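Presented below is the structure to which this report refers.
So you know, we letter chains A, B, ... as the sequences are listed, proteins then strands, and number each from 1. All figures in this text were calculated on a predicted structure; none of them were measured in a lab.
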Amino acid sequence: MSVDAGTRPPRRGVPLIDGVEKVTGRARYTADLDHAGALVGRILRSPVSHGEIVGLDVSAARNLEGVAAVVTGDDCPYTYGVLPIAMNEYPLARGRVRYRGEPIAAVAAVDAETAQRALELIELKIRELPAYYTPAEARAPDAILLHDNKPGNVEREVHHQFGDIDVGFAAADLVREETFSCAEINHAQIEPHASLSEFDPLTGRLTVQTVSQVGYYLHLMLARCLDMDTSRIRVIKPFIGGGFGARVEALNFEIVTALLARAANGKVLMELSREETFITHRARPHTDIRLKLGMSKTGRMTACELQVVQRGGAYAGYGIITILYAGSLLHGIYDIPAAKYDGYRVYANLPPCGAMRGHGSVDTRHAFETLVDRMARELGLDPFAVRRANLLHAPTRTVNDLVVNSYGLPECLDRVERASGWKERIGRLPPGKGLGMACSHYVSGAAKPIHFTGEPHAVVHLKLDFDGGVTALTGAADIGQGSSTMVAIAVAETLDVSLDRVRVVSADTAVTPKDNGAYSSRITFMVGNAAIDAARKLKELLIATAARKLEARPEDVECENETFRVGHGEQSALRFADVVAAALVNEGAITVKGAFTCPPDAQGGKHRGGAVGSTMGFSYAAQVVEVSVDDATGQVSVDKVWVALDCGRAINPLAVEGQMQGSVWMGMGQALSEETRYLDGLPAHASMLEYRMPTIMDSPPIETHIVESYDPNGPMGAKEASEGALAGFPPALVNAIANAIGIDLNELPATPDRIMDALIERRRKARLSRALKAAS
Amino acid sequence: MHAPASEPKKRLLRLRLNGRWREDAVGETQLLVDYLREVAHLTGTKTGCDGGECGACTVLVDGEAVPSCITLVARCEGRSVETIEALATQGRLSALQRAFHEKLGAQCGFCTPGMIMAAEALLRDNPAPTEDEIRTALAGNLCRCTGYVKIIEAVRTAVEAGS
Amino acid sequence: MSTLLPTFRLAAPRTVAEAIAARRDHPAARFVAGGTDLLVNMRRGISSPDVLIDLSGIDALTEFRIDDNGVTIGAGVTIAALARHEVIAARYRALAQAAASIAGPGHRAMGTVGGNLCLDTRCIYYNQSEWWRHANAYCLKNRGDTCHVAPQGQRCHAAFSGDLAPALLVLGAEIDVLGEQGLRRLPLSQLYIEDGKAHLALADGELITAVRLPPAPPASAYAKIRTRAAIDFPLAGVAVALATSGPAIASLDVALTGTNSRPFLLAGTDALAGRAIDDKLLAEVDRLVQKQVQPMRTTLTSANYRRVAAAALARRLIADLRPA
């Protein structure tokens, strides 16, 4: 923790700069954009889980009146994917389909009825192949391969070892090993996927307005898949109705819509149904975990052995990163002297998984924090004490070479312990009530981007013109998290101008500088730093101008509240507008550029995959969850959550609270009720009814405590605030259930039927042991 | 899909939309949400699911909050329909809109119009609801960003502003 | 973009007689009241009637009368109106609780008593999109010949999940049914059949017009299990009506929903009259429930859980209704 933590007054919260648009209904999301005259796009999807396409005849569809274009895999021989090293997916299947719902063909027609009718006219013949829905089936020796170059249907194996685990386990007083199973879940952002593409045959230009979190990735994939020069493509982000990782990768329907627009020489609007949005997926995989932990009598961890198997779905997507994160983010939160990690990302005939809030870290954290709690119980130690026995001391490097520069976890622990009344209440609650706690963390942006080009990690442009308005241009996508507001605050404060003077233009590849986009909680740290850098340069320029006008040295000019002055004399004060006017003389409109680059030493260890998990700063969280469990019905209700998050410095405390509540709550959904199962490869939860995200009736008060550790490299000391608190919820819940009814759950989500099964099993065992006792 | 028994028929529909009477030729199979978005060009009302499951399309029909994605527009003949676009009047946000803005009741904003309309129906009927009553009134509106904490806070703030 | 619905004509009768006549003229027509169930199914292509007969303009269906003979509730009364009715809340508590717990407030504002009684049965293989069902070769309930829940069986196991029916069953409700042959009145229990594909004993073109409740019902309560505390259909719902005489049972009725293709009154509770409400009795009720419910894999939540939870709810409701 840095020395001055907690000594500065909290900053003032600011409503979102685009909030008025949202509460008035004026905000235009993709489906709301002007699409007069646009064709309607629709996708034909595979009805089978695995098979060879032996016949695909689209002639009848093409000849139907009102159909402008039909595209198939023949129209795009290029693969796409988010990782340059693992692009193994076609926007429209070529030769083979690998999951139910995979796009095969698409039509653009004058209206939805005609488009639907055209789909029905497409003749499709598929020769079915065996399909695998679990990693065990897919890894069986006789299983046929989904991808010829991936033996055993394993996309990526990771084997890492740091420190000497044999020594560690030998030194332990208690060694325990458990297996955990976490269901696949989905982002389920409320806005269904949509894309509006326009191809102008006269100029050869393509304009795509879409739901992407990373317009840059989509831009690259459009150029690749349409074989177009990148300079002829423009990707624009309208308002976006949430993402949570769903829209980081370029998605098949976005490329398909562009293919249709080009084939039709026009404009195509593709709106996916909720079911199709679920099938597009790219979310958190089903994960099986085996975890072994060694601990001393005092709760000090001595060694850890982790095995993770992720069911990745039919294509690579983000899989390699996810399986690497699952191992690397075991670290960075506690001092673990020795650890071994074996990770397996396995293909299956299901929609591809991808990145979701807390990417890769959540299920590992769940297993870890749950097992730590159980071992603490066995050793008679308090859960808080065990965490405190294993804290890091910043600045430091972990065994797997992650840098930790700021570390507010100790204060997070203190805050939630106090706020929840833990010491007074634990063990004294009425029957059926319980308290549980857990910690978590997350990266403030990946220190090494997946497209490593040598460019800075973030670039922000500021434009200052005759009107005195400051326009911040950033490629960073505000998807509802408030990143544009953060940029506006960073710029306004650095310049010391009113927030209203700053306008943010976000994510239009024709206008804004390239950005790696909204993922891995990178925007505040990286784009925030770039914005401050740009604003400092602009301020320097304005001060130099003011100094010239005031006939003073720049270092004597002060700028406060849009006024430049030397000393306190009013005669020597210049208004902002005057300084801008003077600065524009002989120059015209001013543009400055700010940039941010993560230094190489923060980019992870030299071992294979060592870059994944590396970051300039980790956020830290601790939370306490209070539950009531009905042991007659197995129903769990969450009564209250106390959460503390070290986000370095809360640039906008209102937004930080919102992110903390939202991430804790999303963790609650995964812990309590959300899962995506399949029936022979058909999605069983592809609706807002069957995908059971909590309603307002299920959602507890979440009390937030912001902890500020002032990261030495963060903008104003800030780190990320949107993901770090998520992963602590599921283990805190499971620990609270154990506290309430003495049931140790190893499976997520903790649905009533799973709780009931555990209760029945316990009763059965009790009866058995009574019978054995009676017999002996 | 079955063949139609006869050609789809359009009918002249008269309804009061955001305070103004208007007439449109509408298909008998047209849903209210599609009428609002495609005919009246009021895109504040959102579609978030495949029918009746998320509340994003909530509008007021004769003052009651209903999902417009499972309401046939033809059944709104002679009725009053209100959408999010009607709430800000004379250059001022409504108390609910202001509270949702200032208290961060909206993050991505996609569920917000439906959420505000459901809250609007509640406050017209019950200007001083308890927290339980607020929760009950918003129980059909899903939000993926906020955890509902600041939504409840926003509604309470609007209640206080109105009292 | 416009949502695709099967093409249909909309008829808007002003009287029940006109509604019955419209149905006679269009045998493939469907009545629609609130539309919260039918419109969702139509959007998924499960149901595609050529004519929809809109009942919402028929004033006679919204009658709500309370007199010495009891309560008459028009089939067109909305669930929201039922839930907030003071007399219902005071005297027919199970019904008020059931009404207040249905789906979300928007559904309750639109949905009607008649619609909820006639709610289509539900199944994870049935309530899916056209693409989904087509990929799964459809099912016995809709265009297919196999029940995926019980492929060896001969019938459809889709589950009924209306909330009002069990409450009305334990309160001794009767319904008025109007058809070509005139009006008939029957106990609500006779409306339902244990067949997921055809669970309503209504003749072609018949319409439920009203529900009738006796004037002085015993104390009652309703509770259900679902994954979330709103929106979801019940995995199991239980209504109980209990009259006591001193510490002993005078009459006990238990009805269930969500577990079978029909809501039904638990058999065997008559034999419990005169008994004290103690743990032994509750255990017997538990056994009765577990024996008589027939949950199948129609939901993603396990059938056994629904069985056990239904029994637990019945026990709890009886214990809670027991005089202090």
Side-chain angles (χ1 to χ4, degrees), chain A residues 13 15-16 18-29 31-33 116-117 120 187-192 239-244 271 273-275 479-482 654-655 657-666 668-669 686-690 693-697 699-702 704, chain B residues 1 8 37 41-56 83-88 93-94 96-117 131 134-152 154:
Chain A
L16 300 183
D18 52 3
V20 168
E21 276 80 1
K22 290 170 182 172
V23 300
T24 53
R26 295 200 310 236
R28 297 272 173 149
Y29 300 79
D32 305 336
L33 298 169
Q116 182 59 38
R117 178 119 184 74
E120 288 161 15
H187 321 83
Q189 73 288 343
I190 306 289
E191 181 195 22
F239 275 87
I240 292 197
F244 314 111
E271 288 182 72
S273 67
R274 175 52 64 181
E275 179 187 51
I479 58 171
Q481 82 282 43
L654 184 66
E657 286 169 17
Q659 290 303 316
M660 290 168 70
Q661 290 159 352
S663 57
V664 163
W665 176 89
M666 196 169 268
M668 182 180 87
S687 69
M688 292 306 218
L689 182 63
E690 293 298 341
M693 74 169 72
T695 72
I696 199 169
M697 304 295 281
S699 302
I702 301 170
T704 55
Chain B
M1 217 147 283
R37 293 175 54 82
H41 300 294
L42 296 174
T43 56
T45 302
K46 308 299 182 198
T47 293
C49 70
D50 296 342
E53 298 173 347
C54 79
T83 70
I84 187 72
E85 285 89 349
L87 292 195
L93 298 177
S94 75
L96 271 169
Q97 288 175 314
R98 198 163 55 246
F100 268 73
H101 175 51
E102 289 174 358
K103 297 292 173 185
L104 201 67
Q107 285 188 26
C108 84
F110 200 80
C111 76
T112 307
M115 195 70 79
I116 290 180
M117 294 314 282
E131 182 171 328
I134 295 170
R135 285 177 182 273
T136 302
L138 302 182
N141 291 76
L142 295 173
C143 169
R144 194 61 167 158
C145 296
T146 62
Y148 307 102
V149 183
K150 291 191 183 296
I151 287 175
I152 293 169

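Contact count versus chain A (heavy atoms, under 4.5 Å) is highest, among Pro113(B), Gly147(B), Cys54(B), Ala106(B), for Gly147(B). Your options are Thr83(B), Leu138(B), Thr45(B), Asn141(B), and the one with the most heavy-atom pairs under 4.5 Å with chain A is Leu138(B). Between chain B and the residues Gly13(A), Pro701(A), Ala188(A), the most heavy-atom pairs under 4.5 angstrom are made by Ala188(A). Looking only at heavy-atom pairs under 4.5 Å with chain A, the residue among Gly140(B), Gly44(B), Gly109(B) that has the most is Gly109(B). Contacts with chain B were tallied for Arg26(A), Arg117(A), Glu657(A); Glu657(A) has the most, counting heavy-atom pairs under 4.5 Å. Among Ile151(B), Ile152(B), Thr43(B), the residue making the largest number of heavy-atom pairs under 4.5 Å with chain A is Thr43(B). Between chain B and the residues Ile702(A), Val20(A), Asp18(A), the largest count of heavy-atom pairs under 4.5 Å involves Val20(A).
Proximity to chain A is limited to the side chain of Ile116(B), based on heavy atoms less than 4.5 angstrom apart. With a threshold of 4.5 angstrom between heavy atoms, Ile479(A) approaches chain B through N, CA, C or O but not through any side-chain atom. Using a 4.5 Å cut-off between heavy atoms, Glu21(A) makes no contact with chain B at all. For chain A, no part of Leu87(B) is nearby; none of its heavy atoms comes within less than 4.5 Å. Within the 4.5 angstrom heavy-atom criterion, only backbone atoms of Ala27(A) (N, CA, C, O) approach chain B. With a threshold of 4.5 angstrom between heavy atoms, Lys46(B) approaches chain A through side-chain atoms but not through N, CA, C or O. Only the side chain of Arg28(A) comes within less than 4.5 Å of a heavy atom of chain B; its backbone N, CA, C and O stay farther away. For Leu96(B), no part sits under 4.5 Å from any heavy atom of chain A, backbone or side chain. Contacts of Thr47(B) with chain A are made by backbone atoms alone, with heavy-atom separations under 4.5 Å and no side-chain atom involved. Heavy-atom distances place the side chain of Thr112(B), and not its backbone, under 4.5 Å from chain A. Residue Glu191(A) touches chain B through both its backbone and its side chain, counting heavy-atom pairs closer than 4.5 Å.
Remark: Lys103(B) NZ is loosely packed, at most 12 non-hydrogen atoms of other residues, nucleotides or ligands lying under 6.0 Å away.
Once rounded to the nearest 0.5 Å, the distance linking OG1 of Thr146(B) with CH2 of Trp665(A) reads 7.5 Å. Within the model, atoms CD of Gln189(A) and CZ of Phe110(B) stand 9.5 Å from one another, a figure rounded to the nearest 0.5 Å. Between His101(B) atom NE2 and Lys22(A) atom NZ the span is 10.0 Å, to the nearest 0.5 Å. In this structure, Ile190(A) CD1 and Cys145(B) SG are separated by 7.5 Å, a value rounded to the nearest 0.5 Å.
Arg144(B) is not listed as a side-chain neighbour of His187(A), based on a closest heavy-atom distance of 4.5 Å or more. Side-chain contact between Thr24(A) and Ile84(B) is absent, with no heavy-atom pair separated by less than 4.5 Å. Side-chain contact between Leu16(A) and Leu104(B) is present, with heavy atoms from C-beta onward closer than 4.5 Å.
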Legend entry - Criterion side chain to side chain contact (heavy atoms under 4.5 Å, CB included) on Leu654(A) and Glu102(B), from CA distance to verdict: CA-CA 9 Å; Leu654(A) 184 66; Glu102(B) 289 174 358; over 6 Å; no
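Put simply, the side chain of Arg135(B) never gets that close to the backbone of Met697(A): no donor and acceptor are under 3.5 Å apart. In this structure, the side chain of Asp50(B) engages the main chain of Glu275(A) through a donor-acceptor pair within 3.5 Å. Here the side chain of Arg274(A) pairs no donor or acceptor atom with the backbone of Glu53(B) at under 3.5 angstrom. Side-chain atoms of Gln107(B) come within 3.5 Å of backbone atoms of Gly658(A) as a donor-acceptor pair (strictly under, hydrogens ignored).
Nearest heavy-atom pair across Tyr148(B) and Pro694(A) is OH-O, 2.9 Å.
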